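The structure appears right after this line, and notes come after that.
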Amino acid sequence: MLRTHYSRDITPDDDGKKVVMAGWVHETRDLGGITFLILRDREGLVQVTLSKKKTDEKLFNLIRSISRESVVLVSGLVKREGKAPNNYEIIPSYVQVLNKAASPLPLDVTGKVGADLDTRLDSRFMDIRRQSIKAIFVIRHHVLKTIRTFLDGSGFKEINTPKIVATATEGGTALFPITYFEREAFLSQSPQLYKQIMMSAGLDRVYEIGPIFRAEEHDTTKHLNEVSSVDIEASFVTHKDVMSILEFLIEKVYSNVIKSCKNELEILGLQLSTPKLPFKRLSYEKAIDIGDIEWGDDLDTATEKAIGEKMGSHYFIVDWPTETKPYYTEPYADNPEICKAFDLMHPRMELASGSQRIHSHDLLRRRIKAQGLNPDGFEFYLRAFKCGMPPHAGWGLGLERLLMTMLNLNNIREVILFPRDRHRLAP
RNA sequence: GCCCGGGUAGUGUAGUGGCCUAUCAUGAGGCCCUGUCGAGGCUUCGACUCGGGUUCAAAUCCCGACUCGGGCGCCA
């Protein structure tokens with residue numbers, strides 16, 4: 001291990017302590033007789049101070065000449081100093097350049113000059129060196145950690161299902177075809193079928209956090225062709241039960257981010273508050289009244305926006321027309337025109353959708369046919385329904401959308417390291 | 001895919017026919033400076049996306065390509 005301390009580990013009370021720090025040269029300020037090197041590591045900045053009189057000439061000249069963003073190791077003593085940022089600085093005895101950075105740099109890391117998103121994404125490694133961008137991904141980590149902890153605590157087992165599949169799972173969206181040896185295959189659009197099969201397998205409660213792929217040529221700030229989906233499926237429960245799991249999860253994610261990411265939220269200039277439970281339930285029928293659309297149509301952007309403004313915070317849209325939802329969604333027995341499906345909405349956009357699933361093999365087969373799909377392609381799935389499939393329900397939540405709405409970012413590309421969209425396949 | 005708006009040094013910008021051998025900031029090079037914290041001062045370097053056209057004259061106007069952004073659609 002090269003370093004002994006991160007910048008955050010040191011306080012003025014460490015005065016006199018010998019430390020080894022490692023990171024990037026954020027800036028150097030050469031005042032002639034005194035030179036400051038601002039060293040940046042993952043946790044923040046630390047000032048390394050050299051006085052011309054008191055420093056070995058070789059070391060002094062080395063530090064003055066070192067290029068920005070070079071990677072260095074600094075060994076020295078902590079000194080309590082009121083004039084320094086955070087009231088301490090490092091007086092170096094030894095500095096090693098581990099790797100020199102070329103110049104000019106593709107981006108400014110210090111925040112003095114802006115850059116377009118496109119430019120930033122081309123040099124994402126450099127973009128993420130900026131503290132506000134890094135903060136987003138630290139928060140993303142805490143969100144994922146909270147989701148896992150919460151679902152574990154609610155009796156869920158984490159699973160992994162194939163991303164290379166033979167057939168579409170639910171129709172609707174376009175799939176990316178790939179070559180699988182001598183056969184055609186596709187990238188998975190959803191773990192839906194597999195997580196349902198796990199209900200028949202008796203795993204009772206499962207979740208998966210993984211990539212899903214959509215081959216749609218959309219070109220918007222809230223769509224990507226590869227996104228992370230948080231999917232759950234649970235047996236012996238109703239759609240109402242999984243809705244309440246979902247809203248508790250959202251609440252937990254917000255409250256944990258508020259608790260664990262104070263510094264990151266401050267960097268982003270955000271004052272988060274935890275959404276109030278329970279979220280409002282709005283029927284599809286009432287929802288279309290707010291907009292201007294026909295029964296049976298999906299909500300367009302304008303309607304989504306209008307309803308969002310009226311609701312003001314997270315809400316569910318429930319009881320959708322059966323024809324608008326996938327074949328595995330269970331219709332109400334007393335009114336099969338509508339089904340036990342729900343969407344979780346943030347005022348800005350949809351975050352999740354889920355439902356009570358059909359668990360009767362015969363009904364499921366009929367629904368597949370009714371939606372114009374061929375049940376032969378679903379045999380591996382339908383078999384699980386023949387030999388003891390319990391009633392079950394579940395949902396899928398878009399991780400990036402959760403993040404972008406929580407952090408009030410206007411482009412979904414901001415919350416994913418390397419976005420895949422219609423035009424971008426690298427880096 | 002449709003509609004609208006862009007593309008000027010490494011980065012972010014100003015400039016909408018001649019005043020452009022193109023503005024400013026940041027950066028990079030050189031010099032000065034012992035408490036900077038967006039350090040400061042002096043100085044140098046570095047750019048009009050590409051192809052065609054109009055015109056005495058094009059960064060500027062027109063056409064096409066490529067590309068970026070916004071809105072919508074597709075999609076969840």
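Residue numbers begin at 1 in each chain, while the letters A, B, ... track the order of the sequences. This one's a predicted model, so the numbers in the text were calculated from it and none came from an experiment.
Look at CG on Asp219(A): it is 15 Å from P on C74(B), rounded to the nearest Å. Atom-to-atom, NZ of Lys222(A) to C1' of G70(B) comes out at 14 Å; the value is rounded to the nearest Å. One atom, CG of Asp421(A), and another, C1' of C75(B), lie 14 Å apart when rounded to the nearest Å.
One P atom belongs to U8(B), the other to G40(B), and the distance between them is 27 Å to the nearest Å. Taking the P atoms as reference points, G1(B) lies 27 Å from U60(B), given to the whole Å.
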Item to complete: Take nucleotides 35-43 of chain B nucleotide by nucleotide from the 5' end and write B, S or -, depending on whether a protein heavy atom sits under 4.0 Å from the base, only from the sugar-phosphate, or from neither.
Response: BBBBB----
Atom pairs and distances, donor-acceptor, side-chain atoms in residues 16-33 of chain A, under 3.5 Å, two or more places apart:
| from | atom 1 | to | atom 2 | distance (Å) |
| --- | --- | --- | --- | --- |
| Lys17(A) | NZ | Asp14(A) | OD1 | 3.1 |
| Lys18(A) | NZ | Ser75(A) | OG | 3.0 |
| His26(A) | ND1 | Arg40(A) | NH1 | 2.9 |
| Glu27(A) | OE1 | Arg29(A) | NH2 | 3.2 |
| Glu27(A) | OE2 | Lys112(A) | NZ | 3.0 |
| Asp30(A) | OD1 | Gly32(A) | N | 3.0 |
| Asp30(A) | OD1 | Thr35(A) | OG1 | 3.2 |

Distance-only criterion, 3.5 Å: show the donor-acceptor pairs between side-chain atoms of residues 94-103 of chain A and protein atoms not counting sequence neighbours.
| from | atom 1 | to | atom 2 | distance (Å) |
| --- | --- | --- | --- | --- |
| Tyr94(A) | OH | Gln96(A) | OE1 | 3.3 |

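Counting any heavy atom pair closer than 4.0 Å across all strands shown, Lys53(A) reaches a base atom. Heavy atoms of Thr221(A) sit under 4.0 angstrom from primed sugar atoms or phosphate atoms, though from no base atom.
With sequence neighbours excluded, no residue forms a ring pair (Phe, Tyr, Trp, His ring centres under 6.0 Å) with Trp395(A). Thr303(A) is linked by a side chain to side chain contact (heavy atoms under 4.5 Å, CB included) to Ile293(A), Leu299(A), Asp300(A), Ile307(A), counting only residues two or more places apart in sequence or in another chain.
Contact annotation: side chain of His423(A) to base of C68(B), donor-acceptor pair absent below 3.5 Å.
A heavy-atom distance below 4.0 Å to RNA chain B is reached by these residues of residues 396-411 of chain A, ordered by number: Asn411(A).
With both pairing distances under 3.5 Å, G1(B) is matched to C72(B) as a Watson-Crick or G-U wobble pair.
Ser283(A) contributes no side-chain N or O that, together with a main-chain N or O of Val318(A), makes up a donor-acceptor pair within less than 3.5 Å.
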